[in-house]
Visitor: 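The following block contains the structure, expressed as structure tokens.
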Amino acid sequence: MPAKSALKQTWVLVVAVVVVTVAAGVSLGVWATGGDRDDSGPVASAQRQPSPDRSGASRDSSAAAPRAPSPTPTRHYPLSKAPRTIPAVRAHTSARGPGWKPQKGLRVVVNDADLADEGRLIAGELGLSYAGEKDDVRAGDVRLSLNDDEGADPESYTMTVRGGRVNISGPGEAGVFYGTRTLKQEVHGGGTAPEGVVRDGPAKPVRGLMLDIARKHFTAGWIEDRVRELGDLKFNQLGLHFSDDQGFRIESSSHPEIVSREHLTKAQVKRIVALAAARHITVVPEIDSPGHLGAVIAAHPDLQLRNTRGVPTRGAVDISKPAAGEIVDDLLGEYAGLFPGSQWHLGGDEYQALTVSDPEASYPQLAAAAREAHGSGGTVADLTTDWLNDRADTVRTHDKTPRAWNDGFFRDTSVQPDKDIQAAYWTGKEIGARQPVAYLSAGRKVINYNDEFLYYVLGQPQTFVYPTGQRIYEQWTPRVLRDTEAVPSKYDDQILGGSFAIWCDYPNAQTQAQVAAGIRMPLRATVQKLWDPGKPELSWTEFQARADRLDG
């Protein structure tokens, strides 16, 4: 059967050629097969084949048999690793592929006009073009999308890097913004966003920095720089303590007489608030009262609290005088529009009338006012709680949620602080302060300002020392509200989050630049533990190296 024999010889020759060709390809590189194949990756040939001439015939005329088609294998990419960010992303599904790098000419597109600010910001930061709302798909696109995941955390997001494109989606604008921060950090310094899917979101809804601008004047530009830093780190609150004994630092139209020479204008504050809002940061103002009002008292000495011997009490207004409440309410009302966020800090701490052994005997005018309001058993602590509740009523009329320092809540009083006033827990050392569980067991929501870890006090007075990022990173969590002990886990949902705090007791102890440098690593450690309170995967040394790379 000569015909079948010839056919068999030809088939053997073809198979041999294919085997040689494939073997040569394997010997020159590693190529993906089966499940490892990534069709989005670059295509390369295992072995350069002879080029055909213009007639289509091979230039290598010595080939005696037809060639099998040459394979076009895809590069074998290693499985991707999670983005290297601060705070670390909480979940990443690895994949094989080239990832994504910003290049001039690529575009950012959105699926909703509400994401225009986020789109323009990341486009400008990465040197891309902002194309607005688009439905078409192009190579290299970064697409920002709002999804319809009802009930999901509005600060959560998903970032998918696949096929040379990036899609960041979330149920809210804040979550999409945080996704852009992850992308920005990962491609910082020429890096590549890794192939795969990030699913991320914060453990705690309050992640803040509190800044004492009353004792030390900080320039508007310096504060704006902190806002940008906070935004990139996924903080969402900036507290401004702008009234105290040493100064009142924001322009006032209702009481210009109380304003310090060095202060922020309302125009400057509006720019700070707008910059913060664009980065999903709420500015939380604080006019502390009824203590810490020395700057107000300096212009209104008739409001000064005096004891039975006529000795003035530093920083404290006489809360038995209606005019004291009226001036504070004037200020709260004036600034409500300047700070459009939903949060307001009322202070309430360290009212010096309650630091003496017998407040009723030392301040008979306060005792008389308490008895008039609450009967024969009324106390100065009751009257002070009345003050706090009245100020809370004032800010509620402006749709603000009030908070106060924990030592402004007193035990054994007939008058109780309103249930919706959040406790800013900073210490258990002050007179009237109790253990954190006392506040939590009463059902109160708490924000962690633990002075053992989170207080950066200029000049390090009393027992304060500058906090270190390493100590926060290795020892603190949001449940560590006082000292170094964590409260039981059953209270975790009541702890809304935490705030690092800068206090300027000795304002000249550090310059603005020194403060910025001093808080750099503590801020990064704080937000890491607020984003994910679990034990970090990185050691402190590794975490610090990551921060240095991102800040470099």
Visitor: With sequence neighbours left out, what residues match Y466 under ring-ring contact (aromatic ring centres under 6.0 Å, His included)?
Guide: Y456
Visitor: Do K234 and T182 meet the criterion of a side-chain donor-acceptor pair at a distance under 3.5 Å?
Guide: yes
Visitor: Mind jotting down which residue pairs meet the side chain to side chain donor-acceptor pair (under 3.5 Å) criterion with at least one end in residues 201-212? Sequence neighbours excluded, please.
Guide: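 Those involving residues 201-212 are E155-R207, Y178-R207, K204-D492, D212-R215.
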Visitor: Measure the OG-CG distance between S169 and D148 for me, rounded to the nearest 0.5 Å.
Guide: 10.0 Å
Visitor: Looking at Y439, I'd like to know if the NZ or CZ of R434 sits under 6.0 Å from its six-membered ring centre while staying within 45 degrees of the ring's axis.
Guide: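 Flagged: R434 positioned over aromatic ring of Y439.
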Visitor: Assert yes or no for the condition that the ring centre distance of H398 to W344 is strictly below 6.0 Å.
Guide: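 Between H398 and W344, the centre distance exceeds or equals 6.0 Å.
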Visitor: Just by distance, no angles: are the side chains of D382 and S414 close enough, under 3.5 Å, to form a donor-acceptor pair?
Guide: yes
Visitor: Charged N to carboxylate O below 4.0 Å: is that the case for R444 and D420?
Guide: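 So R444 does not pair with D420 through a salt bridge.
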Visitor: With a 4.0 Å cut-off on N to O distance, would you call E229 and R524 a salt bridge?
Guide: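 Yes, this pair counts.
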Visitor: Verify whether the ring centers belonging to Y335 and F242 lie closer than 6.0 Å.
Guide: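 Distance test on ring centres: under 6.0 Å, yes.
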Visitor: Between the side chains of R520 and D551, is the shortest nitrogen-to-carboxylate-oxygen separation below 4.0 Å, so that they form an ion pair?
Guide: yes
Visitor: Would you call R471 and E452 a salt bridge, using N to O less than 4.0 angstrom?
Guide: yes
Visitor: Checking K529 against W476: charged group under 6.0 Å from the ring centre and within 45 degrees of the axis?
Guide: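 Ring-cation test returns no.
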Visitor: Have E186 and W100 got a donor and an acceptor in their side chains that come within less than 3.5 Å?
Guide: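 Side chains of E186 and W100: no pair found under 3.5 Å.
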Visitor: Hey, is R181 close enough to D232 for a salt bridge, meaning N to O under 4.0 Å?
Guide: yes
Visitor: Is there a donor in the side chain of H292 and an acceptor in the side chain of D244, or the other way round, less than 3.5 Å apart?
Guide: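 Judged by distance alone, the side chains do pair up.
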Visitor: Under the rule for side-chain contact (heavy atoms from CB on, under 4.5 Å), what residues qualify as partners of D393, not counting sequence neighbours?
Guide: D390, R396, D418
Visitor: Give me the atom names and distance for the closest heavy-atom approach of P522 to T468.
Guide: CG-C, 4.2 Å
Visitor: Within the distance-only criterion (no hydrogens, no angle test), does the side chain of S80 pair as donor or acceptor with the backbone N or O of A95 below 3.5 angstrom?
Guide: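 Checked: pair present.
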